[in-house]
Amino acid sequence: MSMVVPGAVLILAVGLSWPLGWYLRWALDPPPGCAWRERWEQRLAPGDEETWPRYGLALLVFNAVMLGAVVVLLACQQWLPLNPDGKGPLTASLVFHTAVSFVTNTNLQHYSGEVMLSYLSQLALQWLQFVSAATGLAALTAIARALAGRQTVGCFRRDLLRATVLVLLPLALLLAAPLAWQGVPMTWQGAVEARTLEGVTQTIARGPVAAFVAIKQLGPNGGGFFGPNSCHPFENPTWLSNVLSCLAIVLLAMASTWMFGRITGRPRHATALFAVMLAFMLAKVGVATATEAPPTRALAGLNATVGPNLEGKELRFGAAAGPTWAAVTTATSNGSVNCMHDSLNPLTGLVPLTGMWLNMVFGGVGVGMINLVVYIVTAAFLAGMMVGRTPEYLGRKVETREMQLAIGVLLLHPALILLPAALFCATPLGRATVANPGSHGLTEIVYEFTSAAANNGSGFEGLGDNTLPWNVATGLVMLLARYLPILLPLAMAGSLGQKRLVAETAGTFRTDTLTFGLLLAATILIIGALLFLPVAVLGPVAEHLAR
Amino acid sequence: MASELGRSLRLAVCTILIGAVAYPLTVQAIAQAVAPEQAAGSLLRREDGSVIGSRLLAQPFRSPRYLWPRPSAVDYNAAAAVGSNLSPAGDKLRAAAAERAGALRLGAGRAVPAELLTASGSGLDPDLTLEGALAQVERIAAARQRPAAAVAALVRHRSRRIPGEARRLVNVLEANLALDALP
Amino acid sequence: METTWQRSSAALWDPAVLRPACWQAVLMLHPRRMLRNPVMLIAELGAVVTTLATVQATGAPDCGYYAGVSLWLWLTVWFANLSEAVAEARGAAQAAALRAARTDVMARRVTGEPALVSASTLLKGDRVRVESGEIIAADGTVVEGVASVDESAITGESAPVIREAGGDRSAVTGGTRVTSDWLVVEVTAARGESFLDRMIAMVEGAQRQKTPNEVALTLVLAGFTLAFLLVCVTLRPLAGWFGAGLAVPTLVALLVCLIPTTIGGLLAAIGIAGIARLSARNVIARSGRAVEAAGDVDVLLLDKTGTITLGNRQASEFIAAPGVTELELATAAQLSSLADETAEGRSIVVLAKERYGLRAPDLGPSGATFIEFSARTRMSGVDLAGRSIRKGALDAVEAELGELGGQLPDALREAVDRVARSGGTPLVVADGARALGVIHLKDIVKGGIRERFTELRRMGIKTVMITGDNPKTAAAIAAEAGVDDFLAEATPEAKLALIREYQAAGHLVAMTGDGTNDAPALAQADVAVAMISGTQAAKEAGNMVDLDSNPTKLIDVVSVGKQMLMTRGALTTFSIANDVAKYFAIIPAVFVAALPQLQALNIMRLATPQSAILSAVIFNALVIPALIPVALRGVAYRPVGAAELLRRNLLVFGLGGLAVPFIGIKAIDLLLVWAHLA
């Protein structure tokens with residue numbers, strides 16, 4: 001399989017992330033002194049620098065406003081303007097699910113955009129794609145400030161504004177332009193009727209797609225304008241648009257690592273973290289392209305040409321593009337797809353699942369790094385003991401309170417995946433909705449909750465998931481999986497930051513060495529993967545081994 | 001708390017103006033300036049202005065005179081696109097692929113290009129590989145009563161490369177238009 | 001001290017300790033007791049559940065297998081309890097030994113019924129007589145006599161000071177030594193018998209509280225337990241997807257194998273053993289917290305005298321007066337010191353012998369009269385064949401010379417100055433009215449101490465020498481000993497300020513001390529080792545007490561502290577790394593009936609599903625007693641930097657933890673098959 005696509009994406013992403021990280025620092029955590037900027041920020045988002053609890057409260061309140069506003073807009077779309085195709089009302093559970101899904105940056109879609117949503121609804125979701133991504137960036141900034149030992153962690157609304165205006169808006173414009181040039185539509189006109197050469201009528205849905213796709217990729221939100229997401233030629237028309245989109249998926253997440261290093265004043269530490277995450281990323285991409293190279297198993301005996309699995313894929317992206325994207329989109333919390341994950345070879349399906357179980361390979365914008373911090377604290381706890389010192393992270397002692405919060409976050413993730421998955425597997429709630437029998441069906445259910453809990457949004461779409469139980473269950477999972485893993489680490493960072501700075505000596509284990517990187521990787525694998533090994537075995541592995 | 005809410009509402013309005021008004025309008029302005037034709041959906045029109053289809057979207061072709069695109073799980077419905085979501089190791093796909101292989105009638109002994117047996121992700125993949133197109137040349141030539149070599153040459157001529165791939169791609173709709181335009 | 005330690009580890013499986021511990025471990029199965037340890041509580045609950053399932057399945061074909069699982073689950077819990085019971089029993093044995101072996105200072109009481117009594121029985125107001133060479137038993141006030149007292153153990157000042165009744169030189173400190181004459185001291189602060197006992201009780205584990213780090217680790221382990229509980233609880237409905245039934249004992253076996261029972265079972269023992277390891281070195285920690293803090297220490301404040309230098313100075317040079325040969329001076333100096341049994345005196349004899357080949361003449365019958373050092377004259381010497389040789393401090397000798405009509409040459413006065421400036425102590429030697437020269441007494445840095453400090457530096461620990469000497473002297477000795485820094489002309493206030501300064505910069509400071517005026521500094525330091533010979537105030541302020549009053553122990557204390565944390569970390573890593581192999585043993589076994597293709601995952605080729613599960617459970621149980629020695633002795637610790645420690649421990653306990661269970665489980669499986677048990 002040609003590695004041009006993964007190579008191009010990763011090399012560009014790593015190269016661009018460095019200057020972008022520098023820019024992120026300037027945009028989100030500027031040194032004081034720029035009078036005109038401070039004046040504007042105060043005018044648009046007034047408020048003082050706050051301690052972490054106030055910051056967390058402001059975050060929750062604003063996210064509640066986001067949720068409320070979009071619930072109203074979605075519920076009333078049939079009466080509101082910008083509805084050229086006359087889309088009808090949505091069910092209450094779908095409104096709840098969709099609003100939650102976009103507020104939490106998950107973008108799990110139980111609807112098909114071109115079928116069910118008006119342009120106004122799409123615009124509302126597009127707004128959420130900006131502000132939910134900005135929420136994540138703001139949260140990371142606050143956590144980094146706390147870890148740097150600052151007394152106040154900033155003003156949430158100001159950080160959100162900075163992230164929206166200074167980071168997401170210019171990047172989205174930069175991405176939308178080439179996408180539009182490549183063929184992504186940008187029109188307010190409704191669907192167009194085409195008559196084919198054979199005289200058949202084809203209704204072509206379109207809309208203001210370019211703007212939507214750009215912020216969806218950067219977010220990394222992942223919610224598509226159309227049902228098939230970036231498989232759809234109108235979202236992802238060419239090889240080039242595919243590479244650019246894939247690049248956009250990881251870019252901000254990678255850059256936020258550098259920003260974290262700069263705010264905490266530990267660039268070398270950030271480099272080590274980046275290296276660990278990049279290693280996971282390379283492993284994921286490598287495994288996915290390797291496992292996707294064997295031909296579609298269902299074609300065995302049909303005298304088909306031998307080549308990579310093509311079910312659910314588009315030809316124009318190149319053979320490695322599908323598995324690459326699958327690895328990248330689930331490493332970050334993007335969740336957009338350029339091939340149908342349900343139709344990936346069984347073992348390849350394990351790659352996106354693993355990405356979401358670990359949920360830290362660059363991860364969501366901001367929140368991925370936050371998840372990593374939780375893993376780091378846990379690894380530092382083990383490492384500290386192994387060198388015979390009370391564990392410390394960034395010069396501050398990790399004690400019971402921090403571990404309480406860290407373990408809470410780490411436990412929450414498997415709980416939010418395994419408990420509801422078990423419930424849906426054991427009852428008709430889930431049994432009635434799967435498209436494939438056996439292990440594959442189990443994987444569909446597990447994947448859906450994994451995606452919700454990782455705030456990812458990709459799906460094994462064979463699931464008939466626009467039902468009341470699915471909408472409510474995944475909606476609740478998304479809410480819990482979004483806010484607790486922001487607030488608990490914020491509390492943890494707040495508590496760490498208030499501690500006395502411990503002097504670093506030769507007896508301190510360094511967090512910027514290869515050894516620590518390996519330990520961190522092992523901790524992530526053991527905590528992240530061991531808990532999910534049984535489901536992995538029952539789902540993808542069993543399907544792969546079955547002959 | 002009240003002030004929190006007030007300030008949040010104010011920020012919401014501010015960000016809505018940025019993200020849902022100013023941003024899409026700017027993108028639209030750029031798109032209109034850079035690529036007005038793509039902005040409307042890369043539509044191909046007849047001389048009378050009626051729309052044939054989008055260059056980017058597959059359409060159903062059943063006549064032997066035309067290149068058939070890759071299978072679609074939604075019968076090329078461009079208003080509700082989706083992939084098959086079938087397991088590549090599952091029996092459902094096995095059955096569907098066997099049926100497609102039969103429908104292609106390529107003749108015994110000829111390997112069927114895998115892309116013609118598997119549904120695309122969107123159900124709207126506009127392309128075929130050159131092999132996938134060439135496999136259909138004999139049928140088209142017979143239906144159009146043209147030499148197979150001429151049809152093959154046309155298909156080859158219309159194929160394009162994508163970076164890093166050995167296989168060339170052919171846009172089905174454009175190739176079919178060219179077929180109709182053959183003198 | 002070293003032998004004590006070896007003796008106690010040899011007795012690890014001493015039946016006298018083991019037998020009661022076995023029974024104690026059974027008693028500890030009581031759920032209330034288990035509550036302290038969530039990991040083992042879950043394991044015990046699992047054992048109860050499987051036992052019930054076994055009873056219910058009586059007669060069924062799986063009954064034997066269920067019984068096997070139940071038995072080994074009970075054993076798992078019992079092994080864990082056993083480790084704690086053994087650790088406690090050993091701690092108790094250690095404490096008993098401490099009580100017995102404790103050599104208390106004896107005091108000659110002169111009030112009440114005069115007798116030789118233990119210092120610890122002294123009451124306030126008692127008077128004791130202290131002769132030359134004896135240790136003053138308690139803090140007190142001199143009521144009679146004049147004597148020179150060596151207070152170097154407390155003040156760090158090597159020169160003896162004069163203590164006499166009345167005035168401001170009447171206070172004496174417990175633990176200091178009278179070097180000449182005698183004193184009668186009225187005790188002002190009695191040594192509390194209860195104090196030491198309270199400390200020893202700590203060792204016995206009776207009042208053991210979890211240390212902060214232990215609490216955090218317990219929490220993490222509880223988190224892991226909960227997570228794996230989640231995995232196992234959800235496994236049943238997930239397995240139901242395939243119509244595969246999961247027997248409860250199998251599920252419980254999986255759970256107990258996955259939760260970190262290894263570290264969970266050994267955690268308490270590690271803590272108790274850490275304190276016991278300290279007491280094996282004759283240091284008693286007031287709390288586990290202090291031991292833990294010792295591991296974090298990165299600044300050591302070390303008193304110069306007794307820790308860095310030998311307690312006594314040694315002659316290093318003879319500087320002759322003009323017109324006097326060095327040989328003549330050396331001969332006179334040797335003669336004057338022949339009867340001087342102090343280390344300093346002996347060193348003069350030795351130096352003369354080494355430098356000038358002077359054999360000490362046998363002066364027995366020649367009618368020599370030795371003049372002992374006295375606090376009044378502050379000179380010692382010999383009267384021999386009409387010569388009257390004296391040596392002493394400059395002012396004393398000068399006064400003597402003046403009396404006899406002699407004079408001190410200016411060159412000698414300069415020599416005295418020079419010696420003093422270089423950090424040495426000058427002793428002037430005179431023969432009658434003629435000044436012969438100066439003996440340079442020098443502080444001698446202990447052998448090997450420089451290497452020790454290099455080690456400490458590698459461990460990331462900074463050493464700071466505390467001395468009462470002037471800065472020049474201190475700098476000279478500091479450079480020689482290789483300490484990182486020094487505090488000269490140290491007063492208790494300066495010491496306290498130094499500690500605060502280091503702490504403000506984020507360091508954890510350890511120090512030793514024994515004087516009452518050390519108490520504030522001891523209280524401020526993160527780890528404070530008080531000498532048992534020290535005052536009550538010092539001991540109350542410290543968080544450890546050294547029964548040998550050996551300040552060098554501070555270094556051992558740090559090692560033990562680090563070792564305790566490392567043992568916990570290493571066993572946690574080991575415990576969790578084990579899970580990988582256990583998964584590979586159990587998961588295919590559990591599901592192979594419903595999903596035969598999973599046989600491919602049985603990479604250990606275990607005989608049957610039941611033997612696989614049983615092998616994993618047995619391995620999981622046996623690994624606890626196998627690791628008890630590691631828990632009690634601590635993992636091997638070498639003083640190297642953190643990076644290397646981490647690398648080594650990860651290699652041994654991380655990779656080892658991955659590999660060992662594969663071997664162990666396979667071996668047990670083979671054994672079970674061989675014995676037809678599965």
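- For chain A, the nearby part of B/R160 is the side chain; its heavy atoms alone come within less than 4.5 Å.
- Of the residues considered (B/L11, B/I162, B/D127), B/L11 shows the highest number of contacts with chain A, using heavy-atom pairs under 4.5 Å.
- When each of A/A177, A/P233, A/A205 is checked for heavy-atom pairs under 4.5 Å with chain B, A/P233 comes out on top.
- Of the listed residues B/S42, B/A101, B/G41, the one with more heavy-atom pairs under 4.5 angstrom with chain A than any other is B/G41.
- Residue B/Y76 touches chain A through both its backbone and its side chain, counting heavy-atom pairs closer than 4.5 Å.
- You'll find the side chain of B/C14 reaches within 4.5 Å of the side chain of A/L161, heavy atoms only.
- Side-chain atoms of B/Q59 and A/V200, non-hydrogen and from C-beta on, never get closer than 4.5 Å to each other.
- A salt bridge links A/R54 with B/E4; the closest basic N to acidic carboxylate O contact falls under 4.0 Å.
- A salt bridge does not link A/R316 to B/E165: none of the charged nitrogens lies less than 4.0 Å from a carboxylate oxygen.
- Side-chain contact check for B/V112 versus A/T305: every heavy-atom pair is 4.5 Å or farther apart.
- Using a 4.5 Å cut-off between heavy atoms, B/R45 does not touch chain A at all.
- B/S8 places a side-chain heavy atom less than 4.5 Å from the side chain of A/R157.
- If you tally non-hydrogen atom pairs under 4.5 Å between each of A/E198, A/H440, A/R206, A/E114 and chain B, the highest count goes to A/E198.
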Derivation and outcome, side-chain contact (heavy atoms from CB on, under 4.5 Å), residues A/R195 and B/I52: CA-CA 5 Å; A/R195 196 160 49 80; B/I52 303 169; over 6 Å; no
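- The minimum heavy-atom distance between B/G164 and A/V4, with the atom names listed, is CA-CG2, 3.5 Å.
- A 4.5 Å side-chain heavy-atom check between B/S122 and A/F226 finds every atom pair outside the cut-off.
- Judged as a side chain to side chain donor-acceptor pair (under 3.5 Å), the pairs with a partner in residues 14-35 of chain B (not counting sequence neighbours) are, in order, A/W127-B/T15, A/W188-B/Q28.
- Residue contact with chain A, scored on non-hydrogen atoms closer than 4.5 Å, involves the side chain of B/D180 exclusively.
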Step by step, work out the side-chain contact (heavy atoms from CB on, under 4.5 Å) result for A/H232 and B/L57. CA-CA 8 Å; A/H232 197 290; B/L57 304 180; 3.7 Å; yes
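- For B/L116, no part lies near chain A; criterion is any non-hydrogen pair under 4.5 Å.
- Of the residues listed (A/E311, A/R297, A/E543, A/E444), the one engaging B/S87 in a side chain to side chain contact (heavy atoms under 4.5 Å, CB included) is A/E543, and it is the only one.
- Of the possible donor and acceptor atoms, one in the side chain of A/E314 sits under 3.5 Å from a partner among the backbone N and O of B/G121.
- Of all the heavy atoms in A/L173 and B/V27, the pair that sits closest is CD2-CG2, 3.8 Å.
- Looking at B/R70 and A/L315, their side chains come closer than 4.5 Å, going by heavy atoms from C-beta outward.
- With a threshold of 4.5 angstrom between heavy atoms, B/R46 approaches chain A through side-chain atoms but not through N, CA, C or O.
- Taking chain B as the reference chain and counting heavy-atom pairs below 4.5 Å, the highest number among A/A319, A/P208, A/A45, A/G307 is found for A/A319.
- Contact tally against chain A (heavy-atom pairs below 4.5 Å) for B/A35, B/A33, B/S50, B/S63: the top residue is B/S63.
- Of all the listed residues (A/V337, A/T196, A/T164, A/L197), the one sharing the greatest number of non-hydrogen pairs under 4.5 Å with chain B is A/L197.
- In B/E138, the CD atom is not crowded: 12 or fewer heavy atoms of neighbouring residues, nucleotides or ligands sit closer than 6.0 Å.
- The contact between B/I30 and chain A is made entirely by side chain atoms (from C-beta outward), counting heavy-atom distances below 4.5 Å.
- Here the closest non-hydrogen pair linking A/L123 and B/P24 is CD2-CG, 3.9 Å.
- No other option in A/M3, A/M186, A/Q129, A/M340 has as many heavy-atom pairs under 4.5 Å with chain B as A/M186.
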Assess the residue pair B/L124 and A/Q202 against the criterion (side-chain contact (heavy atoms from CB on, under 4.5 Å)); give the C-alpha distance rounded to whole Å, side-chain angles, the decisive distance to 0.1 Å, and a yes or no. CA-CA 11 Å; B/L124 295 171; A/Q202 186 186 35; 4.2 Å; yes
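- Proximity to chain B (any heavy atom under 4.5 Å) is shown, for A/A214, by both the backbone and the side chain.
- With a threshold of 4.5 angstrom between heavy atoms, B/R10 approaches chain A through side-chain atoms but not through N, CA, C or O.
- Only the backbone of B/A58 comes within contact range of chain A, with at least one heavy atom under 4.5 Å from a heavy atom of that chain.
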